[in-house]
Protein chains: 2
Amino acid sequence: MATVPERFTGLIGQSVRAIDTPALVVDLDAMEQNLQRMARFVRERGLRLRPHAKMHKSAELARLQIAHGAVGVCVQKVGEALALARAGIGDILITNEVIAPAKLRRLAEAARELPTHFGLAVDSAEGLDAVIAAVERAGLPGQGTLDVLVEIDVGQGRCGVAPGAAAVPLAQRIATAPGLRWAGLQAYHGGAQHRRSPDERREAIAAAAAAVHQTRDALTAAGLPPPAVTGAGTGSFLHEAVSGLWTELQAGSYLFMDADYARNAPDDPGALGLTHGFDLTFDHALYLQAQVISRSPDRAVIDAGHKSHALDSGPPVVAHPAGLRWSNGGDEHGVLHGDADPGSLPALGEPVWLIPGHCDPTVNLHDWLIGVRGGVPDGHVERLIHVNARGAVD
Amino acid sequence: MATVPERFTGLIGQSVRAIDTPALVVDLDAMEQNLQRMARFVRERGLRLRPHAKMHKSAELARLQIAHGAVGVCVQKVGEALALARAGIGDILITNEVIAPAKLRRLAEAARELPTHFGLAVDSAEGLDAVIAAVERAGLPGQGTLDVLVEIDVGQGRCGVAPGAAAVPLAQRIATAPGLRWAGLQAYHGGAQHRRSPDERREAIAAAAAAVHQTRDALTAAGLPPPAVTGAGTGSFLHEAVSGLWTELQAGSYLFMDADYARNAPDDPGALGLTHGFDLTFDHALYLQAQVISRSPDRAVIDAGHKSHALDSGPPVVAHPAGLRWSNGGDEHGVLHGDADPGSLPALGEPVWLIPGHCDPTVNLHDWLIGVRGGVPDGHVERLIHVNARGAVD
């Protein structure tokens, strides 16, 4: 078990206001509601949910998702996969290419020695050669298998082969290589998650669906229909879900949400033909708790800057007290302004809660999440959640 | 001793190309040259150097700076101070306000129990009350002292009392409180570091100097002349140095540099009256090493995104291979473009070295730095450097 740092010991049962700052606080009530809403949706739609654990990097939260019906989790890196597997997660897909022989050795050895079932993506013959070599060297054939998916570029312009026939020779090689299992297509459009209007997201995922369709047809014609098509994120998953092409959703941020996702105009489930009355509103469940360490008549300076919350997807929002404007104070400070009412600025020593701009890289800055019952600012600490794969960029 | 992760074991003596990616690589030759250039400058100018260790967060690098004449180091947080003190650093100034009683207790107890000499800044009567209470409770008076500085706002609009008379009652209280030592003024203008032209930086530091002058006069008139005036960063330190007001410089980034500091037009030491022929060119010494994990005709995708290097101060620069343009590929990817010559794109599996946009928050994403002799791409690994205070935001 990871050691709880001194500053977080003895917190269980205490008021949220007693938390040493800066600290990431999870509103457990909001998180559980998000968990249940997504679980009901995929269950009733007959879809598999494999949430992306790159967001929370926590075995405890992965277990909670699996207990609510998820088939396993996704990660981006071998290091994340190993951290979660060693903490007992049984089904982990690396939705990314792995090229380095040393990384593939670590993965293949883990697949041999741990009870976890692993998968990964490929998008090149050389990359697949490296996977096959590592699997053989680890003696995996006969002792287990590794799922291998072909990633296709469905519009993001990052990794993946071109849609269509390019996937076929890779799938043929996967299907015949000892120790590998032909697992299907990785088809994720990251850019579509953050397009602000439902129409823009619909168009992006329609193009992605055309790419999946074309590739699935080419594979089926070659006798290798993809057993799964996996992808979709929190911003666009309704569109993938209604397409009839994706069999598995990878949304991860729905659990916590963030200020950037809140800037998306929501989809209308009815307009997508979802008439079952699903409530797919996901509430903010992640807060950065900070403390005012300096006050002037026109500003309150808090003890948290971008070493405590990521800025890559825009600024955080001040959740409590309400009505304050945030400005960047550097690595370790934020500056709060009460433009309309300077009297609303919190006093020296008072706690403040921010909604981070982007949950994934924010969680990666912290080793522990503080689970709170009853929300902020009035709840109490229920449990500490370890971020097992914090910093596992390898 | 911190445990070296498996992926970095056995690296000593190996080629830099053997490093498991992503990894932060320090060019030791460049770093040592930066160290020596700054050391010579402060020595010949009769200034004290107290480099800001918020940048490297490493006891080994702090020791190296002290061995080259630094009087100690600065940090921003109690957590950083404790991590470095426990690793043997003997003189640590927290250039920031600390309000929380639990943090002040940890600091005061460390000041009692460790041989390290600590200091911190205050900018309010309530904050100073909290410091005095913690020092009394820890029984520090008689067993040691804590340096306390008054921070003044010299133009950044963040923490600090207004210049002039506001510092006097705080200094009076510090000077008479048992266990505290009146240590002088904290006067740092963070915003001035990143103004691009020497003229803009000269103007900003001239205004800061006027604020220091006014405050020093008020304190001197009250019989409490500041024993030290400490501040200045890598972007502006020449201006503070020639002002005759600052006695101690806090520059930290000079050791590694980054892409953002490289965007500053350099100062002309001669124009500032520095006629001794100082070479104050600081070279890039910090690289993020990544690997190409996906190739298309028009792009190379690397295995490092903003979970490996901070984006708060702008994009990274591709140092090697030269001539490539970087674009954001998300948390765990970067996309390289060979606009003029796609043939210059590195092959699948090849290493790539980026100069991070901002060194401080980039280092904070990593637990280890890989010290390389002979530079990139052809040097070899000489030693591993632990980032003792990684994540110590408290």
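In what follows, every chain begins at residue 1, and chains take the letters A, B, ... in the order their sequences are listed.
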What heavy-atom pair brings [X] and [Y] nearest, and what distance separates the two atoms?
{"X": "P351(B)", "Y": "R17(B)", "value": "CG-NH1, 3.8 Å"}
{"X": "M55(A)", "Y": "C359(A)", "value": "CG-SG, 3.6 Å"}
{"X": "A130(B)", "Y": "I99(B)", "value": "CB-O, 3.9 Å"}
{"X": "V150(A)", "Y": "A167(A)", "value": "CG1-CB, 3.9 Å"}
{"X": "R158(A)", "Y": "G329(B)", "value": "NH1-O, 2.7 Å"}
{"X": "H309(A)", "Y": "P316(A)", "value": "CE1-CG, 3.5 Å"}

Is [X] close to chain B through its backbone or its side chain, or both, or neither, when contacts mean heavy atoms under 4.5 Å?
{"X": "D331(A)", "answer": "side chain"}
{"X": "T21(A)", "answer": "both"}
{"X": "N328(A)", "answer": "neither"}

Check each atom of [X] against the heavy atoms of chain A and say whether the ones under 4.5 Å are side chain, backbone, both or neither.
{"X": "E80(B)", "answer": "side chain"}
{"X": "D360(B)", "answer": "both"}
{"X": "K77(B)", "answer": "side chain"}
{"X": "E332(B)", "answer": "both"}
{"X": "E97(B)", "answer": "both"}
{"X": "D394(B)", "answer": "both"}
{"X": "D123(B)", "answer": "side chain"}

Looking at [options], which makes the most heavy-atom pairs under 4.5 Å with chain B?
{"options": "K54(A), Q156(A), H366(A)", "answer": "K54(A)"}
{"options": "A162(A), S313(A), A100(A)", "answer": "A100(A)"}
{"options": "Q76(A), E151(A), R7(A)", "answer": "R7(A)"}
{"options": "D303(A), V98(A), V335(A)", "answer": "D303(A)"}
{"options": "V301(A), I293(A), V292(A), L311(A)", "answer": "I293(A)"}

- request: Heavy-atom pairs under 4.5 Å with chain A are the metric here; pick the option from S308(B), S327(B), G157(B) that has the most.
  value: G157(B)
message: Among N96(B), D298(B), V122(B), L365(B), which residue has the highest count of heavy-atom pairs closer than 4.5 Å to chain A?
response: N96(B)
task: Kindly state whether the ring of H358(B) and the ring of Y261(B) have centres lying under 6.0 angstrom apart.
output: no
- request: Answer yes if the side chains of S236(A) and H189(A) hold a donor-acceptor pair under 3.5 Å, and no otherwise.
  value: no
- prompt: Considering residues at least two apart in sequence or located in another chain, which fulfil the side chain to side chain contact (heavy atoms under 4.5 Å, CB included) criterion with A166(B)?
  reply: V161(B)
query: Under a 4.5 Å cut-off applied to non-hydrogen side-chain atoms, are L120(B) and L149(B) in contact?
result: no
field: Set of residues satisfying side-chain hydrogen bond (donor to acceptor under 3.5 Å, both in side chains) with respect to D153(B), sequence neighbours excluded
entry: R299(A)
